[in-house]
J.: 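Let me give you the structure first, and then I'll get to my questions.
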Amino acid sequence: MCSIMGIESLELSKEKLHEYFDKSVHRGPDDTRIETHGNNTLCFHRLAIMGLHPEGMQPFSLDKYSLVCNGEIYGFRPIKEKLKEKYTFISDSDCEILLPLFLEKGCEMFKELDAEFALIISDGEKLIAARDPIGIRPLFYGYTDKGTITFASEAINLVGLVKEVFPFPPGHYYKDGEFVKYIDLTTIDEYSTDDLETACSKIREKLIKGVEKRLDADAPLGFLLSGGLDSSLVCAISAKLLGKKIRTFAIGMEKDAIDLKYAKEVAEYIGAEHTEVFMNREEVLSALEFVIKTLGTYDITTIRASLGMYLCCKKIHEISDIKVLMTGEISDELFGYKYTDFAPSAEEFQKEAKKRVDELYMYDVLRADRCISVNSIEGRVPFGDLDFVHYVMSIDPKMKLNTYNMGKYLLRHAFESDKILPDSILWRQKAAFSDAVGHSMVDDLKEYANAKYSHEEFEKLSSKYDFAKPFTNESLLYREIFEKYYPGQARMVKDFWMPNKEWEGCNVNDPSARVLANYGASGE
């Protein structure tokens with residue numbers, strides 16, 4: 001995990017650039033470099049993960065080009081061996097292969113990368129930028145008053161420097177003033193003809209490969225373990241692949257931490273070195289403003305789910321040497337939420353899955369990145385493996401509909417015979433993370449917001465906003481804090497993350513699965 005920034009001019013001094021760039025120094029506290037390259041300036045904060053020596057510091061330069069990249073390039077070693085026939089390498093960094101690849105293939109290289117990345121390339125006159133197909137690594141852009149394009153890892157780097165901050169679209173590259181879509185991961189023209197057993201076998205194989213790739217790190221590795229299906233599978237697969245104790249971490253409210261008991265059950269089953277982290281109402285409310293500033297969002301469900309994740313990662317940073325954390329994000333978007341049980345047809349389920357994966361960079365992926373990186377740790381997301389995502393999206397959606405009386409049946413069945421998890425975990429109904437850390441957390445947030453605004457105050461304050469208008473006291477509270485740090489930048493987020501209100505049973509005014517009729521015993 002690193003921070004990058006680039007501006008297509010020399011209109012700002014290094015000292016002035018430092019003011020903006022250092023707002024994301026948490027992403028890379030190991031070293032900092034700001035370099036002019038012809039008419040451009042590139043900036044890099046380093047968190048050393050692959051190739052821990054000074055030679056791995058960026059920008060990398062080759063021929064007339066310089067590059068900064070926040071990314072992990074999976075399977076880079078065989079690519080590097082082949083490139084060694086023509087190029088000399090000075091470090092063990094995976095990102096050093098990118099400029100040689102660019103010289104060989106140009107922008108065609110982006111569609112060939114098995115990676116999560118955000119990068120900026122300078123040719124001395126203009127900048128080229130690109131972002132991975134899901135948007136796991138963050139990138140934003142905007143234009144200065146002089147019309148100069150500027151890129152940065154976090155929106156906070158650009159506030160005050162540009163008039164409007166835009167998220168860089170995933171799966172695109174920018175060149176010569178245009179954004180070009182180099183891959184479409186979620187549009188499926190023809191579904192796979194695999195039957196259920198074949199599909200489950202491939203799900204198993206591809207997820208294991210996705211986990212295995214992400215275990216490659218020169219820095220210490222840890223695991224977030226909620227006790228839910230997704231993070232439990234990542235931990236169990238990793239423990240088996242590594243053949244040694246892994247370090248797992250779980251968080252919950254002091255008085256009603258629903259998931260802690262399940263996380264402990266998983267940790268004991270796989271023989272992990274497990275740490276429980278507790279939080280209380282005061283800690284949650286004290287962290288709220290900092291979390292919203294860190295996230296750069298006003299979205300209700302993102303903020304709720306971030307509070308526990310942030311406090312857990314904060315504790316990990318304080319008590320351990322861990323630099324890389326594996327997480328379970330992106331499974332829900334692919335296999336379904338509680339609300340997608342209400343999908344009126346297979347076609348609607350597929351459309352919803354495509355929408356959710358395409359928008360991940362504004363919601364769950366943003367949450368995971370910011371909560372982890374603000375604590376100077378890198379997050380890795382095996383369910384975001386490109387081959388895995390594309391395959392699951394290609395499965396006939398009729399098979400992904402919940403006709404089994406069990407959400408995510410395909411994923412569960414895929415690992416049923418492995419016995420790497422207890423059946424009580426593998427077949428446990430889903431609970432939303434923001435609820436499963438303890439129902440009291442969301443209740444505390446609502447209570448705090450309701451005490452803050454009268455009905456008249458709510459009407460007056462919410463009327464200021466003509467985009468993503470607050471609709472509860474809680475949403476108003478979050479928006480007011482957001483505007484303090486990102487004034488006028490609400491359009492960075494498409495809208496509030498909510499169930500599909502057009503579906504019967506989903507026309508709700510709270511994103512929590514707790515308000516759905518099918519939630520049942522999920523959070524117990």
J.: Would one find more than 12 heavy atoms of other residues, nucleotides or ligands at under 6.0 Å from atom NZ of Lys354?
T.: yes
J.: Of all heavy-atom pairs between Lys323 and Ala48, which one has the smallest distance, and what is that distance?
T.: NZ-O, 4.3 Å
J.: Mind checking what makes ring pair (Phe, Tyr, Trp, His ring centres under 6.0 Å) contact with Phe249, not counting sequence neighbours?
T.: none
J.: Can you pull the ring pair (Phe, Tyr, Trp, His ring centres under 6.0 Å) pairs that have at least one residue in residues 13-34, sequence neighbours excluded?
T.: Phe21-His45
J.: Sequence neighbours excluded and cut-off under 3.5 Å, please list the side-chain donor-acceptor pairs for residues 163-178, or say none.
T.:
residue : atom : partner : partner atom : Å
His172  : ND1  : Pro170  : O            : 2.8
Tyr174  : OH   : Gly177  : N            : 3.4

J.: Taking side chain to side chain donor-acceptor pair (under 3.5 Å) as the test, write out the residues that go with Tyr74, two or more places apart.
T.: Glu116
J.: Excluding sequence neighbours, so at least two apart, what forms ring pair (Phe, Tyr, Trp, His ring centres under 6.0 Å) with Tyr310?
T.: Phe290
J.: Decide, yes or no, whether a salt bridge links Glu289 with Lys293 under the criterion of side-chain N to carboxylate O below 4.0 Å.
T.: no
J.: Per the salt bridge (charged side-chain N to carboxylate O under 4.0 Å, His left out) rule, what does the pair list look like for residues 88-105, sequence neighbours excluded?
T.: Lys86-Glu104, Lys105-Glu112
J.: Flag the pair Lys314 and Glu318 as a salt bridge only when some basic side-chain nitrogen lies within less than 4.0 angstrom of an acidic carboxylate oxygen.
T.: yes
J.: In this structure, which one of Ile156, Asp369, Val374 forms a side chain to side chain contact (heavy atoms under 4.5 Å, CB included) with Thr294?
T.: Val374
J.: Quick one: do Lys355 and Asp358 make a salt bridge, cutoff under 4.0 Å?
T.: no
J.: Would you check if there is a donor-acceptor pair between the side chains of Ser66 and Glu35 at a distance under 3.5 Å?
T.: no
J.: Calculate, to the nearest 0.5 Å, the distance between atoms CE and CD belonging to Met5 and Glu154 respectively.
T.: 11.5 Å
J.: Before accepting this row, confirm whether a basic side-chain N of the pair Arg356/Asp364 lies closer than 4.0 Å to the acidic partner's carboxylate O.
T.: no
